[in-house]
There are 2 protein chains.
Amino acid sequence: MDKINIKTLARELNLSTSTVSRAFNGATDISQQTKERILSVARERNYLPNHYASNLRDKKTQTLAVIVPEIANDFFAQAINGIEDVARTHGFYILLYRTDDNFDREVAFVNYLNNGKVDGIIMSVSGEGNDHRYLKTLEQKKVPVVFFDRVYEDIEAAKVTTNDYKSSFAATQHLIEKGCKRIACLVINKTISIGKTRTQGYIDALKRHQIPFDERLIIDCSVNDKENVELLKNRLSQLKPDGVFSSVQRLAFATYQAAYELKLNIPKKLKLISFSSLQITPLLNPPMSTITQPAYQMGVEAAKLLFETLENKDIDNRKKHVVLNSSLFIRKSSE
Amino acid sequence: MDKINIKTLARELNLSTSTVSRAFNGATDISQQTKERILSVARERNYLPNHYASNLRDKKTQTLAVIVPEIANDFFAQAINGIEDVARTHGFYILLYRTDDNFDREVAFVNYLNNGKVDGIIMSVSGEGNDHRYLKTLEQKKVPVVFFDRVYEDIEAAKVTTNDYKSSFAATQHLIEKGCKRIACLVINKTISIGKTRTQGYIDALKRHQIPFDERLIIDCSVNDKENVELLKNRLSQLKPDGVFSSVQRLAFATYQAAYELKLNIPKKLKLISFSSLQITPLLNPPMSTITQPAYQMGVEAAKLLFETLENKDIDNRKKHVVLNSSLFIRKSSE
DNA sequence: TTGTACGCGTTATCAT
DNA sequence: ATGATAACGCGTACAA
């Protein structure tokens, strides 16, 4: 029941600590025989090298921080899966942090990481705040950062995004082709990276098809689902749009709910298309047309970029920007 | 650009490392004045105590491991949110690991944690395998474990579950009351904790209502959605059940899909109720009747149990078993 | 092939 | 209120 560490184990084996250490680190300068003897006794005595002590020496944590606005969100859940799968093949583990779109939390957590806590960071930012100095200090500490989906343009770091502008343009155009004349654009924050780009795609598609632009049709929503349903019920009855382009999945569901309560038939009275990574959209009533991002693949690419710099310090990926394509799935909600 | 640590910082301040250390650890035996001076320079020079060095001394990691079968799953995503919220209030962080229901991964990860890597573990088990010795060794190392939802009965550890038996019984009974005579029971693994309990509730409800039991109606599915749809199409046409009790969310969706492809109307030809934590079930076609577990709350309770033992080593929670109630939501799919 | 000894960055203990 | 120092457990340079 005595504490077991490399020293006690070495004593039990009548060996030095260095030899024991070697047995665990794939060293070559150790006889196969002693190595096996060590490992066998170690297993028996239930010994494993202390990760924190090793890290203190090596400055290698084998750990990645993943920072996302939400977890209970199909897009991020799938992206995390992608990150995890790549991390796994590299023997890395994941420290997960959720910001709830709260900028202060993001800052606090990044600062916390700013001391060798992890080898790298993959994040999708909250999009709030303007002062991104807290991220710059990571650079000094040589902690590589990769952004995915939601990025800060003013920070030089590797980025993985989808072609949101093009998809938004295409989705809006699709609604226009289906006969919509008054299309609402639902956003959560039209000033941050994705909200901005997606709104722009919407605006430009209208312009291209000479549909008059009505500022009021860009509807700013919140992260509170109940509030959104009320807001949308209000706007839908007042502004009477015949189409909805939703830049975020949750707003599409709020629209479904609002339309249901207003007895507004989708797609007859209101056609809808939305960004969404939900895997069961076809089971909805009606099946929802979606712009679907390759969430899993984005996670994979982000992790790959990170490991490239991690494993080859010469590579500077900070100017790399991987752009993946989303897919348009047209279903009943916009037919 | 020189390395910054407590030593260099102390030198710059003309102080000793002890004093600097005190400034960061809420010590009382330090003058407010020097403390402020230290913290100010630290901020300026971007110094933060090294977490790994601190841990090496203290044996406190401020980190929790959370092990789940899946992440892209509404139940687990919400449970993780609950765990994270509690962890956050205690200043703890989360090391997340997904097993994909793979027993070997579960064993490998738990073994990896077996060296002071984290202060505690919250897990929902894969349910595979019989040899749970790898968990026993955690006990020796005093790493507390809390199970939630999917537990190993033979391991003495704190547990948080829902009353699955009762809910399953009630759900099956509900179908019977709606007139179903041949009710299928969909499970993924009828031998593990939750599969077993939920199946038993189903069986007992049949018995109670003197509905003949047909072994073939207990349908063993897999984690592969496509396979499940095929399997279910096959079984639904052959066995012609008039009701489905699905013990897992994903199997309900596979049933929706299969029924759709077979042009089998839900609920007219087939009534369905399922365990599910999906938040938009009312938007499905048809809206799905569910047994909904308090996922978020389960995460909260699990974390609370863990912190109880963590913060008071005298408390032995290993015999505690918190049972929460699920809620039955009856919607169109079973009306 | 194996052993010795130092240092990684921190904090607790003991001194001043 | 502040400083000196040992110890946490490990890996590596160097010695043998």
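- The stretch residues 49-56 of chain B touches DNA chain D through B:Leu56, each having a heavy atom within less than 4.0 Å of the strand.
- For the pair A:Asp58 CG and D:dG11 P, the computed distance is 7 Å after rounding to whole Å.
- The aromatic ring centroids of B:Tyr134 and B:Phe103 lie less than 6.0 Å from each other.
- Nucleic acid contact for B:Leu48: sugar-phosphate only, since backbone atoms but no base atoms lie under 4.0 Å from a heavy atom of the residue.
- Residue whose closest nucleotide on DNA chain D sits further toward the 5' end, between A:Asp29 and A:Ile6: A:Ile6.
- Nearest to the side chain of A:Asn25, among C:dA12, D:dG11, C:dC8, sits D:dG11.
- Between B:Thr19 and D:dT2 there is no side-chain polar atom (N or O) within less than 4.0 angstrom of OP1 or OP2.
- Across the protein-nucleic acid pair, B:Asn115 atom CG and D:dC8 atom P stand 17 Å apart, rounded to whole Å.
- Between B:Tyr112 and B:Tyr97, the distance separating the two ring centers is not shorter than 6.0 angstrom.
- Remark: the A:Ser31 side chain and the C:dT2 base include no donor-acceptor N/O pair separated by less than 3.5 Å.
- In terms of phosphate contacts, A:Ser18 brings no side-chain nitrogen or oxygen within less than 4.0 Å of OP1 or OP2 of C:dG3.
- Position along DNA chain C of the nearest nucleotide to A:Thr34 versus A:Thr17 favours A:Thr34 as the more 5'-ward residue.
- Ring to ring, B:Tyr47 and B:Phe24 are close: their centroids are under 6.0 angstrom apart.
- One atom, NZ of A:Lys117, and another, P of C:dG9, lie 17 Å apart when rounded to the nearest Å.
- In this structure, B:Phe24 reaches neither bases nor backbone, as no heavy-atom distance under 4.0 Å exists between it and the strands shown.
- The nearest heavy atom of DNA chain D to A:Tyr47 and to B:Leu15 marks one nucleotide each, and the one closer to the 5' end goes with B:Leu15.
- Regarding A:Ile30, its CD1 atom lies at a distance of 9 Å from the P atom of C:dG3, rounded to whole Å.
- B:Thr34 and B:Ser31 are linked by a side-chain donor-acceptor pair at a separation below 3.5 angstrom, with hydrogens and angles left out of the test.
- Under a cutoff of 6.0 Å and an axis angle of 45°, B:Lys159 and B:Phe148 do not form a cation-pi pair.
- B:Arg22 contributes a side-chain N or O that forms a donor-acceptor pair with the base of D:dG3 under 3.5 Å.
- Side-chain contact between B:Pro69 and B:Arg150: present, with at least one pair of heavy atoms (C-beta onward) separated by less than 4.5 Å.
- For the pair B:His51 (side chain) and B:Thr61 (backbone), a donor-acceptor distance under 3.5 Å is present.
- Remark: C1' of D:dA7 and NZ of B:Lys59 are 10 Å apart, rounded to the nearest angstrom.
- Atom-to-atom, CG of A:Leu9 to C1' of D:dC10 comes out at 13 Å; the value is rounded to the nearest Å.
- Counting to the nearest Å, the P atom of D:dG11 and the CD1 atom of A:Ile38 are 12 Å from each other.
- Rounded to a whole Å, the NZ atom of B:Lys7 is 16 Å from the P atom of D:dG3.
- For the residue pair B:Asp119 / B:Gln62, no side-chain donor-acceptor distance below 3.5 Å is found, with atom types taken as modelled.
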